[in-house]
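Below: the structure, in structure tokens.
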Amino acid sequence: MTDNQVAQGILYIGADDKDLDLFEGQYAIPEGISYNSYVILDEKIAIMDTIDARKTNEWLDNLQTALNGRQPDYLVVSHMEPDHSANIRRIMEMYPDVTVVCTALAQKLIVRFFGETPASNQMLAVTDGDTLSLGEHTLQFFTAPMVHWPEVMMTYEQKEQILFSADAFGKFGALSYDDPEGWACEARRYYFNIVGKYGAQVQAVLKKLSGLSISKICPLHGPILDDNLGYYLQTYNTWSSYEPEDAGIFIAYCSLHGNTEEAALKLASILKSDSDVKVATADLRRDDLHEAVEDAFRYDRVVLAAPTYDGGVMPVMEDFIAHLRAKNYQNRHVGIIENGSWAPVAGKVMREAMESLKNITIVEPIVTVESTVKPATVEALKELATALLNISH
């Protein structure tokens with residue numbers, strides 16, 4: 001096979017974007033992102049999604065090279081987010097006889113994005129189980145609502161047993177970047193920050209797909225997955241069930257003058273000296289917020305450490321908790337360290353916020369730092385460490 005050949009008659013025509021600094025205007029992507037698109041060459045030809053406008057010219061060159069003078073018959077639209085749909089109108093104008101295959105809701109979004117209603121003979125709405133024959137290749141469609149937009153669908157190519165999975169199983173990082181940490185690290189950050197709220201919907205799609213024999217997964221971002229597929233499917237099952245991926249303790253802290261930070265790092269030191277448990281920390285003032293969200297979901301125990309501020313909690317901690325709430329954080333044990341000089345209330349605020357989430361158990365005691373870390377503070381931290389380590393798994 002050639003470098004861009006996914007399988008017999010199926011070619012990769014996407015592009016890397018190594019110049020974009022923020023994905024969706026908020027997620028840092030120092031190693032870039034890939035916009036994946038594919039074409040299936042058969043008696044009929046199907047383009048599997050377009051890509052972001054930033055890489056239109058490269059994508060069109062790849063497409064026309066793959067087509068080698070032939071005309072496409074179908075454009076399959078998995079997802080209407082602009083990083084995948086930006087060139088739908090361009091394709092419809094270039095190839096007036098092409099039929100756009102998508103869900104009924106995606107048809108409505110096409111009108112919203114492009115401001116005009118395509119001709120009825122240019123649109124084909126499909127739903128669960130519908131099939132489309134290209135010749136030797138047959139496409140079968142599965143709706144995937146809220147993974148992570150409501151119009152999303154996945155496509156299963158029956159001959160080669162390839163799942164075109166839309167944004168599911170995607171990851172940050174350009175394809176040209178050889179990630180030393182492997183798939184899971186940036187796939188996890190991608191999943192929990194982008195898809196994480198919709199675990200129930202991911203579970204529903206996994207059940208739909210459970211009867212399929214899958215040889216490859218072709219996502220809209222990140223590498224094609226073609227080995228040990230059970231690992232990727234099981235990992236997605238774990239993530240979407242809101243179950244911890246690893247046993248360990250993640251300490252997320254912020255600090256006004258260094259005293260709360262001292263307490264948080266002292267707790268980490270105590271935990272490491274008393275056990276071989278995995279301990280990870282994040283300074284919410286400086287470390288990437290979305291990596292902190294990722295780690296909060298990764299581990300089974302979390303400690304929040306923050307000072308009182310304006311009668312509440314330091315804003316970066318408030319923002320972190322808001323992100324956890326937005327992503328449906330649940331099923332964890334949470335320890336709390338607060339600080340205050342005259343009226344400490346951060347602990348109460350953090351406790352109430354976390355107890356409003358599903359299946360959150362607060363680990364006692366809540367440790368109060370009275371301005372600075374003192375011998376009594378260290379004893380309280382040791383007590384909290386013991387309680388964290390004694391939680392059964």
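Nothing fancy with the numbering, it's 1 onward along the sequence.
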Item to check | Pairwise side-chain contact, Gln122 with Val100, heavy-atom cut-off 4.5 Å (strictly under) | outcome: no
Item to check | Test side chain to side chain donor-acceptor pair (under 3.5 Å) applied to Ser78 and Asp49, step by step | outcome: CA-CA 6 Å; Ser78 304; Asp49 291 290; 2.8 Å; yes
Answer yes or no: is there an ion pair linking [X] with [Y], defined by an N-O contact shorter than 4.0 Å?
| X | Y | result |
| --- | --- | --- |
| Asp246 | Lys278 | no |
| Lys382 | Asp274 | no |
| Glu364 | Arg351 | yes |
| Arg90 | Glu93 | no |
| Arg286 | Asp283 | yes |

Whether the [X] and [Y] side chains hold a donor-acceptor pair (N or O, under 3.5 Å, no angle test) is what I'd like checked.
| X | Y | result |
| --- | --- | --- |
| Thr143 | Asp128 | yes |
| Glu245 | Thr238 | no |
| Gln203 | Ser241 | yes |
| Ser37 | Trp59 | yes |
| His148 | Glu81 | yes |
| Asp167 | Tyr190 | yes |
| His79 | Glu151 | yes |

Checklist entry - Residues two or more places apart in sequence or in another chain: which of them pass side-chain contact (heavy atoms from CB on, under 4.5 Å) with Asn259? => result His257, Glu262, Asn339, Thr372
Checklist entry - With Gln26, which residues qualify under side-chain contact (heavy atoms from CB on, under 4.5 Å), at least two apart? => result Glu24, His290
Within 6.0 Å of [atom1] in [X], more than 12 heavy atoms from elsewhere:
| X | atom1 | value |
| --- | --- | --- |
| Tyr309 | OH | no |
| Lys348 | NZ | no |
| Lys374 | NZ | yes |
| Asp276 | CG | no |
| Asn228 | CG | yes |

Item to check | Parallel, tilted or perpendicular: rings of Phe172 and Tyr27 (30°, 60°) | outcome: tilted
Measure centre to centre between the rings of [X] and [Y], then say whether the value is under 6.0 Å.
| X | Y | value |
| --- | --- | --- |
| Trp239 | Phe297 | no |
| Phe164 | Tyr38 | yes |
| Tyr242 | Tyr329 | no |

Checklist entry - Which of these, Asp16, Asp83, Asp17, sits in a salt bridge (charged side-chain N to carboxylate O under 4.0 Å, His left out) with Arg54? => result Asp17
Item to check | Approximate separation, where rounding is to 0.5 Å, of Leu20 CG and Lys55 NZ | outcome: 10.0 Å
Checklist entry - What do the steps show when you test Tyr95 against Gln71 for side chain to side chain donor-acceptor pair (under 3.5 Å), and what is the final call? => result CA-CA 7 Å; Tyr95 304 105; Gln71 302 290 301; 5.7 Å; no
Item to check | side chain to side chain donor-acceptor pair (under 3.5 Å) evaluation trace for Thr131 with Thr138 | outcome: CA-CA 7 Å; Thr131 59; Thr138 298; over 6 Å; no
Could you see if [X] belongs to whatever hydrophobic cluster contains [Y]? Use Ile, Leu, Val, Met, Phe, Trp, Tyr and a side-chain cutoff under 4.5 Å.
| X | Y | result |
| --- | --- | --- |
| Phe113 | Val152 | yes |
| Ile337 | Val345 | no |
| Val111 | Val77 | no |
| Leu220 | Leu229 | no |

Checklist entry - When you look at Gln158 and Gln140, which way does the side chain to side chain donor-acceptor pair (under 3.5 Å) test go after all the steps? => result CA-CA 7 Å; Gln158 294 178 348; Gln140 185 174 16; 3.2 Å; yes
